[in-house]
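Down below is the structure, laid out as structure tokens.
This structure is a prediction, so every number in the text was calculated from the model and none was measured.
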Amino acid sequence: QEIMNVAKDIIQLTKAVDEKIAEKARRYDEIEALKPWAELDVPMNYKGTKKTGFLLGTIFAIIGRISWNRVNELSVLVIVIIPLGLISFFLGELIARKYKIKNMYKFNIINKIEEKNNITTIVLFLCLFFVIITTVLLLLEIKKICAYYGFYSKNISELLAFYRTKTELFSTSLTQENISVSFIVKQMKKISEVINIVISFLFIRRFINKELKNNILNTILLFFIMFVGLIQTFLNSGGRSILMHFLVAYLIMYMLNLIEKNKNRNTSNIKLIMQMGCIAIVIFVIFYAILPLVGRSSSYKFVDYITFYIGSPIPSFSTFIEKNAGLNQQIGSETFSSIYYMLNRFGIIKYSKPFTLEWLSFSDGLASNVYTSMRCYYHDFGILGVIVLQFIFGYVYTKFYLKAKNSKLNLWKMIYAYYAYILIDQIRTEQFYGLINTSTIAMLIMFLAVYLLIFCRVKKGKKEYELE
């Protein structure tokens, strides 16, 4: 017994020594991170400028210098490219706000849509049933794929963890062996995503207008459709990006509904920003908390993990530039990879290489394969490509936002919210030009169809056809 006690004491003391060594290294890194600022001639009580623009990832990358970020100096090209890209984006936004294009959004079918005030309980039950069936079928498909590789488990988290290793994020196994979720289930999943957005919009609008108690049964059904939809979102990839996609959509829908409610009031912008900030913090907490549910784990603390997830693209981009010279041999294959796939599918060109960015290792086992959206633009077209493509992105998204904000038709708000994650995800990777494909067209058609079927009526002459 005494030997066991001594052994336990030795183990505890060894752990304590290791913690002190780690703490010493951490403190040393903090000192090194602060050294460049020692001769800064700006007073510490400086209140800042009236208006400031910044890239979110830069802040997290600086915070990461304390723990995971071992990139001592950023490449000069990165210091040039990122500000140029931001300026180009803001110029696109400025021109989009200043100059209006007549008849830009006049679609005859959409202009004849008039929303109903209420949604029937039967429709909500049908939506819930469809989403549940789709979730079950998707889980069965994932189990079938895992069984194909000889992996069996009753634990959903373990199944997702194994399935994730076979997806394009880490491997080309599924692509090479032509194994995937069945076509019907894939389409059902897309319809479920659209239902999730439409139903979530209704729930959020009820919440803001304080109407949740008006019809308790409908409120419960709305909540359960959202909940089951969220569970379904990360089943197909076993990852968190798709979940973040929907959480951002909820945040945007909350913002647009709040703006619409208060458009005739003098509401403080500071109050709106504070509300959005609190919701964003909740999203980050959920993002970290679901790691075990999707078969992933991290020994890093909350702040370190979140700063790595958002801040790693900039030092990754810097490392990429230092190790790679020249433009991509297949010009445009990173930025417009979806077009390459589409042309290959129609037999116009031969392009079967799955587009995945290489992984870059940081400290203590952390690795990243995201380099900001500007890596693709720069690697494909150089600095001029960054300027032009960022300008187009800023212009198009601002026009889209203004339409969603000012339109009386909530369909625009829902579609904008669904794709708004791209605006935030640009700090991590390119998503905007990846939307140029047949899948996006199919999703827009599904949005219109589901929207009409759930709670709209179409006007035809003097008659109205209500769709329930």
| Is there a donor-acceptor pair closer than 3.5 Å between any side-chain N or O of Lys190 and the backbone N or O of Met446? | no
| field | Where Thr335 and Glu430 come nearest, the two heavy atoms and their spacing | value | O-OE1, 3.7 Å
| said: Ring centroids only, cut at 6.0 angstrom: are His379 and Tyr371 within range, meaning strictly under it? | reply: no
| task | Assess whether atom CD1 of Ile184 is packed by more than 12 heavy atoms of other residues, nucleotides or ligands within 6.0 Å. | result | no
| query | Checking Ser200 side chain against Met226 main chain: does a donor-acceptor pair fall under 3.5 Å? | reply | no
| note | Taking every heavy atom of Ile321 against every heavy atom of Ser75, the minimum-distance pair comes out as CG2-OG, 3.6 Å
| field | Check against side-chain contact (heavy atoms from CB on, under 4.5 Å), His245 and Tyr418 | value | CA-CA 8 Å; His245 177 172; Tyr418 181 76; 3.8 Å; yes
| said: Looking at every non-hydrogen atom in both residues, tell me the closest pair between Ala420 and Ile252 and how far apart they are. | reply: CB-CG1, 3.7 Å
| query | Strictly under 6.0 Å, is that where the ring centroids of Phe203 and Phe207 end up? | reply | no
| request: For the residue pair Arg428 and Thr372, establish whether any side-chain heavy-atom pair is separated by less than 4.5 Å. | output: no
| query | Between Thr135 and Val131, is any pair of side-chain heavy atoms under 4.5 Å apart? | reply | yes
| query | Less than 4.5 Å apart, any side-chain heavy atom of Tyr152 and any of Lys143? | reply | no
| message | Is there a side-chain contact (heavy atoms from CB on, under 4.5 Å) between Leu222 and Phe201? Walk through the geometry before answering. | response | CA-CA 10 Å; Leu222 288 170; Phe201 183 89; over 6 Å; no
Solution key, residues 89-97 side-chain donor-acceptor pairs under 3.5 Å, sequence neighbours excluded:
residue, atom, partner, partner atom, Å
Glu93, OE2, Arg97, NE, 3.2
Glu93, OE2, Arg97, NH2, 3.4

| task | For Cys127 and Ile195, work out which heavy atoms get closest and say how close. | result | CB-CG2, 4.0 Å
| request: List the steps and the verdict of side-chain contact (heavy atoms from CB on, under 4.5 Å) for Glu193 and Phe246. | output: CA-CA 9 Å; Glu193 288 181 6; Phe246 277 86; 3.7 Å; yes
| note | Per ring-ring contact (aromatic ring centres under 6.0 Å, His included), Phe432 is matched among Phe336, Phe393, Tyr377 by Phe393
| said: Within the 4.5 Å heavy-atom criterion, are Phe224 and Ile132 side-chain neighbours or not? | reply: no
| Salt-bridge present (Arg375, Glu334; N to O < 4.0 Å) | yes
| field | Gln390 (side chain) donor-acceptor with Gly85 (main chain) under 3.5 angstrom | value | yes
| Any side-chain heavy atom of Leu251 sitting closer than 4.5 Å to one from Leu247? | no
| message | Let me confirm one number: the CE-CG distance from Met374 to Leu77, rounded to the nearest 0.5 Å. | response | 13.5 Å
| Between Tyr419 and Phe400, is the gap from one ring center to the other below 6.0 Å? | no
| said: To the nearest 0.5 Å, what is the distance between CE on Met414 and CG on Leu448? | reply: 12.0 Å
| request: Would you indicate whether the side-chain heavy atoms of Val386 and Phe381 approach each other to under 4.5 Å? | output: no
| Is it true that a side-chain atom of Ser318 and a backbone atom of Val78 form a donor plus acceptor pair closer than 3.5 Å? | no
| field | Rounded distance (nearest 0.5 Å) linking atom NZ of Lys403 with atom CG of Leu409 | value | 8.0 Å
| task | Would you name the heavy atoms of Ile436 and Met342 that are closest together and state the gap between them? | result | O-CE, 4.0 Å
| Derivation and outcome, side-chain contact (heavy atoms from CB on, under 4.5 Å), residues Asn406 and Trp412 | CA-CA 9 Å; Asn406 300 323; Trp412 290 110; over 6 Å; no
| field | Heavy-atom pair with the smallest gap, counting every atom of Leu411 and Phe447 | value | CD1-O, 4.1 Å
| query | How long is the gap from NZ on Lys405 to CG on Leu256, to the nearest 0.5 Å? | reply | 9.5 Å
| request: Could you label the plane-to-plane angle of the Phe320 and Phe317 rings as parallel, tilted or perpendicular, counting under 30° as parallel and over 60° as perpendicular? | output: parallel
| Is the backbone of Leu389 close enough, under 3.5 Å, to the side chain of Tyr433 for a donor and an acceptor to pair up by distance? | yes
| query | So how far is it from Ile392 CD1 to Ile387 CD1, rounded to the nearest 0.5 Å? | reply | 12.0 Å
| query | Using 4.0 Å as the upper bound for N to carboxylate O, is an ion pair formed by Glu141 and Lys144? | reply | yes
| message | Side chains of Met188 and Phe130, heavy atoms from C-beta outward: is any pair under 4.5 Å? | response | yes
| query | So do Glu260 and Asn410 actually touch side chain to side chain, heavy atoms under 4.5 Å? | reply | yes
| field | Value rounded to 0.5 Å, distance of CE in Met253 from CD1 in Ile204 | value | 4.0 Å
| message | Can a donor-acceptor pair be found, under 3.5 Å and without considering hydrogens, that links the side chain of Gln426 to the backbone of Gln431? | response | yes
| message | Classify the ring geometry of Tyr395 against Phe391: parallel below 30°, tilted from 30° to 60°, perpendicular beyond 60°. | response | parallel
| Between Asn196 (side chain) and Ser192 (backbone), is there a donor-acceptor pair under 3.5 Å? | no
| task | Please answer whether the main-chain N or O of Tyr421 pairs with a side-chain N or O of Asp425 as donor and acceptor at a distance below 3.5 Å. | result | no
| Side-chain donor/acceptor of Asn437 to backbone N/O of Thr440, under 3.5 Å | yes
